[in-house]
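We name chains A, B, ... by the order of the sequence lines, and we start the count at 1 in each one.
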Amino acid sequence: MPDVVVIGAGAVGAACAYYAARAGLDVVVVDRGPVAGGTTGAGEGNVLVSDKEPGPELDLALLSNGLWRDLAEHDGFEFEPKGGLVVAESGGVLDVLIALAAKQGVEHAVVPPEGLADYEPHLAKGLAGGVFYPQDAQVQPMLAAARLIQRGAERFGRGTLMLRTGVTVTGFVRDGSRVTGVMTDHGDILADAVVNAAGTWGGEIAAMAGVHVPVLPRRGFILVTEPMDEVLIRHKVYTAAYVTNVASDSEGLETSAVVEATASGPVLIGASRERVGFDRRISVPVLERLARQAVALFPVLAERRVIRAYCGFRPYCPDHLPVIGEDPRAPGLHHACGHEGAGIGLAPATGHLIAQTLTGVQPDLALRPFRPDRFEEARS
Amino acid sequence: MSHVHDLAVIGAGPAGVAGALSASLTGLDVVLIDAAPRPGGQYFRHLPEGFHARRPGALHHGLDRFTRQWEALGERATVLLGHRVWAVERADETITVRCLEGDREERPRTVTARRLLIATGAHDRPLPFPGWDLPGVLTAGGAQALLKGNLVVAGRRVVVAGTGPFLLPVAAGLADAGADVRGVYEANGRFGLARHPLLAAGKAGEALGYGVSLARHRVPYHGRQAVIEAHGEGALTHVTVAKLDAAWRPVATRTVECDTLAYGYGFVPQLELPVQLGCATRADADGSPVVDVDAGARTSVPGVYAAGESTGVGGAVLAEVEGRVAGRTVAADLGRRVRPLPVLSRRRERLSAFARALLEAYPVRPGWQGWLRRDTLICRCEEVPLSAVREAQELGATDARSIKLLARPGMGWCQGRMCGYAVACLAGENPLAPRRPIAQPVRLGDLAALNLSPLEG
Amino acid sequence: MKQPYSLVRARPEPEFEISVDGAPVPVIPGQTIGAALHGAGVRTWRTTRIDGRPRGLFCGIGVCFDCLVTVNGSPSLRACLTEARPGDRVSTGREAGPGRPEDGPGGEAGGGSAGEPGREPGGKAGGEVHGEPGDGWNQGPRDGRGTVNGR
């Protein structure tokens, strides 16, 4: 019988498993699909501090950023510490950006308009300036999740970390209100604790334990260009609307420009946000917007071709903070989901904090802002 | 608001032309769209005007009949050649077809219609094997396109290999055109011309014609043999041919010198447009996904119809019949009076049954995976060797999609058209219908200027 | 090769020329750039991004994207789908030119790469012949590998 069952073999589940195993626990990771079969497989691999609100979100991001660097030193997940350049189209927006950077207290450099070309020679003229965040980085998300699990299994001894793909959780084993294991289509797995790292489906998993965790999908599209034979874009580049976009609550389509090159060749272009449930159908108007924004930032991209487009479903909670920690309504069940577009970046910190709570160690960050039952208070 | 046609037909091969003609004969406003500059699809390749061919039918069976249909169509329908379709969308009462016009200009164009008939055909299915990316190795369809569309003979000393009745016309065409065809290597059992499935379809003339060509040019036809390796330094110089057992494992090998290999293991229906619309697919006799249609050629999505190879590989004659059925169904669904034609349905059933039998007679057997070496490329575009696929599987990529995300086969320009079947086999799965929201590469500048998005960007 | 022309009784219009990396290549009006190149003996005109493997036509019908060329400054066009026009300037992005087009196959764009990594050098299959006398077969599976679905 393992100490922990982790539900979900995406980036967050992999990190939870890795750090739990490192802390000496026996872990089984289950996923109804393959590794990174959910949102992790659709992600860009952002590891950002630049777009985080000061407060618990930023604290989590800073902790995670450092942990990613530790992991990458030994493991290499195509970790690119390329830095992020947030650009402003107008002076007003630049002022907001600079103020935010000051509040964040994160390493950054204010870039005047004439300095932008030093960072990005192909950037369009006429922008008002920007802020450069050297700590922003990139990983290959699928590789990261898969390698975390693999390295965890290799490093911490046989039998300490086991992956079981193609196993669907159908319910929980209870002892009173306590969760003592999972029921699956391949039999029950008993454990001292269960971690819900099911991402966009975290709410469904929570419901099986009779607790309400409001994780909903927020659809995003990504355009993928032809593979480039030269590096046209050196850093992550995005417009400031990316910052305000995430926090918006409006129903309809929101887009901001996010453009970056990848180690494997193509340029990735995002970002859109919509609340349309799990609708996978293509929306050409959204693709048009993403293309228009990308070309406005980098006119050199106009002649390049889009060869692929796909969507993913970010898991988001109403207050745009993830859910991390043990559920007082179902002791033994720990949640680690709802990371809304930041799951890859926040995965190591989440895993680390979960491992601490699992082993009774005081967590390095206060988990109160992330408590799973915080939405009950809002409702009552 | 742009003009809304009654019916848009995508694909000007046998199915699309027959479907468009049948519909237009009932008075419907029809627009026919095709990427190529001339009609015919893969099967009927009209030579360019500049050749002034006075006997074009010598390269094709049934060309004259197709030409008559085409000419009749031109008088009563809108024809948009040179239009590549990259996306289709459905909203309420209309279907929007997004195209790029001009083989190099790629100007964005939009066509709208109440109904859509998809007749996008199929492309060759190549299997990876050691040396398949050597210059001189082509698909059978590629050799055919060179000859029939350009009067270019693919090579001087040519080996034709793979499986399926298509190898015969490819080899015969090359031999008639003056190539030294070293042999035809059919991986499945040998039928001999007397029992060749083409004869069963009453296509005696056609089969005998190929047989006579091959005999006249002394081209040997070998069953249960395959090309399992291609050799050469920067260009093909010879191939290893193997005798196969029933599971396609090599039991004996020899060398055949050649400078060109034209090969193919059946066909892959082009499904990206039906999948974009959400049409249900089913598994064809060989496990490949095809569009699921009813007896009237309707797909599972209201207003969308499909005919030809995309509903199941079955050849040009079946495709034409399916096209006719589809065109008449669209007309009936739009309220036109259409006489029932039971003979057409019976013909379709008979040809479908024959097509299924053919597919079952020429399966791809799993032994081909044993021909691979660890450094054999599985994905040509991203240069992914077999070893990388196996590594991905060891990392927990248990299905084709995960293998693609981890090791990148199918992430390149062709988006898995060439390697998708092979990756599915290596993953131990049946191939899935591909999801390609961008069916043809589109310039970012063109995508940015479509003028659809209501808000200012 | 003129034989296919007599098959269809073609009397093609006079050839025109396009330039490929500066070298002239003949075209019958209506032929694609890819067909013209292949027919002129130029079988590769591109190298792959990662290992520099030579590529030209493979599928011939526009689905494999191996045959990409730049025409009059427009990049990434499929040569097999692009009809040649008089005066077209085709560039392949390779440093060496396509070499002198030869009659028939075997001519390849200049600077073709040496044997690809991991591939056995060319040469006839050797070894003893164990098959039926005189039929030239080497008996036995090629390498004893042949695992199906092997992982």
For a side chain to side chain contact (heavy atoms under 4.5 Å, CB included) check, start with the C-alpha distance between B/W413 and C/L68, then their side-chain angles and the critical distance, and finish with the verdict.
CA-CA 10 Å; B/W413 274 101; C/L68 300 178; 3.5 Å; yes

Answer with side chain, backbone, both or neither: which region of B/E105 has an atom nearer than 4.5 Å to a non-hydrogen atom of chain C?
side chain

Per-residue tally against chain B (heavy atom, under 4.5 Å) across C/G34, C/G60, C/A10 peaks at C/A10

Output yes when a side-chain donor or acceptor of C/H38 lies under 3.5 Å from a complementary backbone atom of B/A154, and no otherwise.
yes

In short, C/I61 meets B/A145 closest at the heavy-atom pair CG2-CB, 4.0 Å

Scored by heavy-atom pairs under 4.5 Å with chain B, the best of C/C64, C/G56, C/C80 is C/C64

Listed by chain and number, what are the salt bridge (charged side-chain N to carboxylate O under 4.0 Å, His left out) partners of C/R49, not counting sequence neighbours?
B/E382

Could you tell me which portion of B/R125 (side chain, backbone, both or neither) has an atom closer than 4.5 angstrom to a non-hydrogen atom of chain C?
neither

Side chain, backbone, both or neither: which part of B/V389 has an atom under 4.5 Å from a heavy atom of chain C?
neither

Electrostatic pair B/R38:C/E83 at N-O distance under 4.0 angstrom:
yes

At a heavy-atom separation under 4.5 Å, does B/P385 approach chain C through its side chain, its backbone, both, or neither?
neither

Heavy-atom nearest pair, B/R254 first then C/W137, reads NE-CZ2, 2.9 Å

Tell me, side chain or backbone of B/A242 under 4.5 Å from chain C's heavy atoms, or both, or neither?
backbone

If you count heavy-atom pairs under 4.5 Å between each of C/Q31, C/R85, C/R78 and chain B, which one has the most?
C/R85

Between C/P29 and B/P48, what is the shortest heavy-atom contact and its length?
O-CB, 3.7 Å

Quick one: do B/L151 and C/I28 satisfy side chain to side chain contact (heavy atoms under 4.5 Å, CB included)? Show the steps, please.
CA-CA 9 Å; B/L151 283 192; C/I28 307 268; over 6 Å; no

Smallest separation among heavy atoms of C/T32 and B/N150, with atom names:
N-OD1, 2.9 Å

Pick from B/R380, B/R417, B/M418: which one has the most heavy-atom pairs with chain C under 4.5 Å?
B/R380

Atom pair CG (C/D88) and CZ (B/R104), whose distance is rounded to the nearest 0.5 Å:
4.0 Å

Are the side chain of B/E383 and the backbone N or O of C/T48 linked by a donor-acceptor pair below 3.5 Å?
no

Residues passing the side chain to side chain contact (heavy atoms under 4.5 Å, CB included) test with B/E106, sequence neighbours excluded, are A/R305, B/R84, B/L100, B/R443, C/L77

Please check this pair: side chain of C/E13 against backbone of B/G50, looking for a donor-acceptor N/O pair closer than 3.5 Å.
no

To the nearest 0.5 Å, what is the distance between CG on C/L57 and OG1 on B/T139?
9.5 Å

Can you tell me which portion of C/V71 sits under 4.5 Å from chain B's heavy atoms? Options are side chain, backbone, both or neither.
side chain

Within the supplied structure, the quantity of interest is the number of heavy atoms (other residues, nucleotides, ligands) at a distance under 6.0 Å from C/R11 CZ; does it exceed 12?
no

Minimal non-hydrogen separation, B/P441 against C/F65, with atom names
CG-CE2, 3.5 Å

Work out which heavy atom in B/V137 is nearest to a heavy atom in C/F58; give both atom names and the distance.
O-CD1, 3.4 Å

Begin from the C-alpha positions of B/D259 and C/R43 and carry the test side chain to side chain contact (heavy atoms under 4.5 Å, CB included) through to its verdict.
CA-CA 11 Å; B/D259 53 63; C/R43 297 182 135 202; 4.0 Å; yes

